[in-house]
There are 2 protein chains.
Amino acid sequence: MTTLITTFSALADETRLGIVERLMAQGELPAGDLVSDAGISGPAISRHLKILREAGLVSQRAEGNKRLYSVRPEAMRTIADWTMDHRKFWEAGLDRLEALLSEEEHG
Amino acid sequence: MTTLITTFSALADETRLGIVERLMAQGELPAGDLVSDAGISGPAISRHLKILREAGLVSQRAEGNKRLYSVRPEAMRTIADWTMDHRKFWEAGLDRLEALLSEEEHG
DNA sequence: CATCTATTTAACTTTTTCGTTAAATGGATG
DNA sequence: CATCCATTTAACGAAAAAGTTAAATAGATG
């Protein structure tokens with residue numbers, strides 16, 4: 001499976017997208033904090049975190065008892081790059097952005 | 001399911017991502033042309049196309065016997081917008097782009 | 001060191017996804 | 001109008017995904 005498909009798969013789930021968005025908004029958080037709000041059990045969150053980890057979307061670091069998670073920018077870049085590669089398909093009509101990007105292209 | 005999750009789900013499959021990329025590269029194509037290369041049966045492709053259609057990623061138009069498919073820019077924008085909303089997480093170190101976007105921000 | 005807290009792994013179940021082949025639908029053509 | 005071609009829908013099976021509870025692991029603490 002390509003990196004891109006792995007990344008899309010990882011984000012194609014409400015719980016996981018929620019985790020990633022929350023980590024982006026609030027920064028590094030322990031696994032336990034993510035359990036509280038998700039409405040599912042600890043083990044379920046743990047497995048989601050594993051999927052996100054294996055997809056390279058989050059990184060984990062130990063601090064005593066806890067496991068602190070945070071978003072890895074590189075993974076977000078995978079999507080950003082793909083999006084940019086195909087911008088011809090979505091930029092139509094976005095005048096300012098279009099001008100901006102064509103500036104970028106031409107010098 | 002949010003639009004974003006639907007979009008990610010639609011692209012989280014090798015066959016479907018392949019279809020979308022091919023349609024972006026070659027423009028509008030009949031369903032039959034997409035079957036040939038994918039290595040799976042017609043009905044399988046047909047179901048993938050339905051998923052892409054329902055996710056808003058492609059549009060269909062009839063021409064006689066055939067069904068011509070193409071990519072819908074709006075769907076690509078869904079991803080682009082999300083990516084842009086969170087660019088702080090992936091732009092670090094991309095000096096030129098960073099400068100460019102901060103220009104955009106400040107006018 | 002017994003135990004509490006935080007998290008993960010194991011075992012199991014249910015639901016979803018994705019493929020297949022066979023049948024249906026609908027336009028084009030001898 | 002009988003049939004061909006392009007595509008979709010139906011019916012079914014196998015594999016993967018996502019949840020649950022129970023047990024295991026590991027650091028912190030009385």
Side-chain angles (χ1 to χ4, degrees), chain A residues 1-23 26-72, chain B residues 1-23 26-72:
Chain A
M1 201 152 55
T2 77
T3 305
L4 190 56
I5 292 174
T6 307
T7 305
F8 283 144
S9 298
L11 295 174
D13 174 274
E14 198 183 345
T15 302
R16 289 193 298 266
L17 182 60
I19 290 173
V20 167
E21 300 233 0
R22 197 167 156 203
L23 290 175
Q26 306 182 13
E28 198 178 43
L29 289 174
D33 281 28
L34 296 166
V35 174
S36 332
D37 299 85
I40 58 178
S41 66
I45 291 289
S46 186
R47 204 155 28 67
H48 281 304
L49 286 170
K50 186 179 185 183
I51 290 167
L52 288 171
R53 231 183 300 130
E54 287 174 351
L57 267 155
V58 303
S59 59
Q60 192 200 47
R61 118 186 136 81
E63 196 170 283
N65 231 359
K66 305 195 172 172
R67 295 292 177 276
L68 301 173
Y69 283 88
S70 49
V71 172
R72 295 188 58 216
Chain B
M1 199 151 56
T2 78
T3 305
L4 191 55
I5 292 173
T6 307
T7 305
F8 284 144
S9 297
L11 295 174
D13 173 274
E14 198 183 345
T15 303
R16 289 193 297 267
L17 181 60
I19 289 174
V20 167
E21 299 233 359
R22 197 167 155 202
L23 289 176
Q26 305 183 14
E28 198 178 44
L29 287 175
D33 280 28
L34 297 165
V35 174
S36 332
D37 299 84
I40 59 178
S41 67
I45 291 290
S46 186
R47 203 154 31 66
H48 281 304
L49 287 170
K50 186 179 185 182
I51 290 167
L52 288 171
R53 232 184 300 130
E54 287 174 351
L57 269 155
V58 302
S59 60
Q60 191 200 46
R61 115 186 138 81
E63 196 171 283
N65 232 359
K66 306 194 171 171
R67 297 290 177 276
L68 301 174
Y69 283 89
S70 49
V71 172
R72 295 189 59 215

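So that the names make sense, note that chain A is the first sequence line, chain B the second, and so on, each numbered from 1. Computed from a predicted model, the values in this text were never measured in an experiment. Side chains are part of it too, since the values below use all heavy atoms of this structure and drop only hydrogens, waters and symmetry mates.
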**Prompt:** Quick one: how far along DNA chain D does chain A reach, first to last nucleotide 5' to 3', anything under 4.0 Å to a heavy atom?
**Reply:** D:dA18 to D:dA28

**Complete:** All heavy atoms of A:Tyr69 vs all of A:Ala31, minimum pair found to be CE1-CB, 4.0 Å

**Rounded interatomic separation in angstrom, taking CG from A:Asp13 and P from C:dT16** = 13 Å

**Item:** Phosphate OP1/OP2 of C:dC18 contacted by B:Arg16 side-chain N/O (<4.0 Å)
**Value:** yes

**Complete:** note: B:Ile19, atom CD1; C:dC18, atom C1'; distance rounded to Å ~ 13 Å

**Fill in**
Contact check, residues 28-44 of chain A vs DNA chain D, heavy-atom distance under 4.0 Å, returns A:Ile40, A:Ser41, A:Pro43, A:Ala44

**Request:** Would you mind reading off the distance between A:Lys66 atom NZ and C:dT8 atom C1', rounded to a whole angstrom?
**Result:** 17 Å

**Complete:** Here the distance between atom P of C:dT16 and atom CD of A:Glu14, to the nearest Å, is 14 Å

**Item:** Backbone of B:Ser9 reached by a side-chain donor or acceptor of B:Arg16 within 3.5 Å
**Value:** yes

**Prompt:** When all nucleic acid strands are considered with a 4.0 Å heavy-atom cut-off, which category describes A:Gln60: base, sugar-phosphate, or nothing?
**Reply:** sugar-phosphate

**Complete:** Heavy-atom closest pair (B:Ala38 atom, B:Thr15 atom, distance to 0.1 Å) is CB-CG2, 4.5 Å

**Message:** Between B:Asp37 and B:Arg22, is there a side-chain heavy-atom distance shorter than 4.5 Å?
**Reply:** yes

**Length of the line joining B:Leu11:CG and C:dT17:C1', which is rounded to integer Å** = 16 Å

**Fill in**
B:Leu49 CG to C:dC18 P, in whole Å, measures 13 Å

**Fill in**
The answer to which of B:Arg67 and A:Thr15 contacts DNA chain D further toward the 5' end, by nearest nucleotide, is B:Arg67

**Asked** Which atom pair, heavy atoms only, marks the closest approach of A:Ile40 to A:Val35?
**Response** O-CG1, 3.9 Å

**Asked** Could you give the CD-to-P distance, from B:Glu54 to C:dC18, as a whole number of Å?
**Response** 13 Å

**Prompt:** Does A:Tyr69 place a side-chain N or O at less than 4.0 Å from the phosphate oxygens OP1/OP2 of C:dT8?
**Reply:** yes

**Request:** Rounded off to whole Å, could you give me the NE2-to-C1' distance for the A:His48 and C:dT8 pair?
**Result:** 14 Å

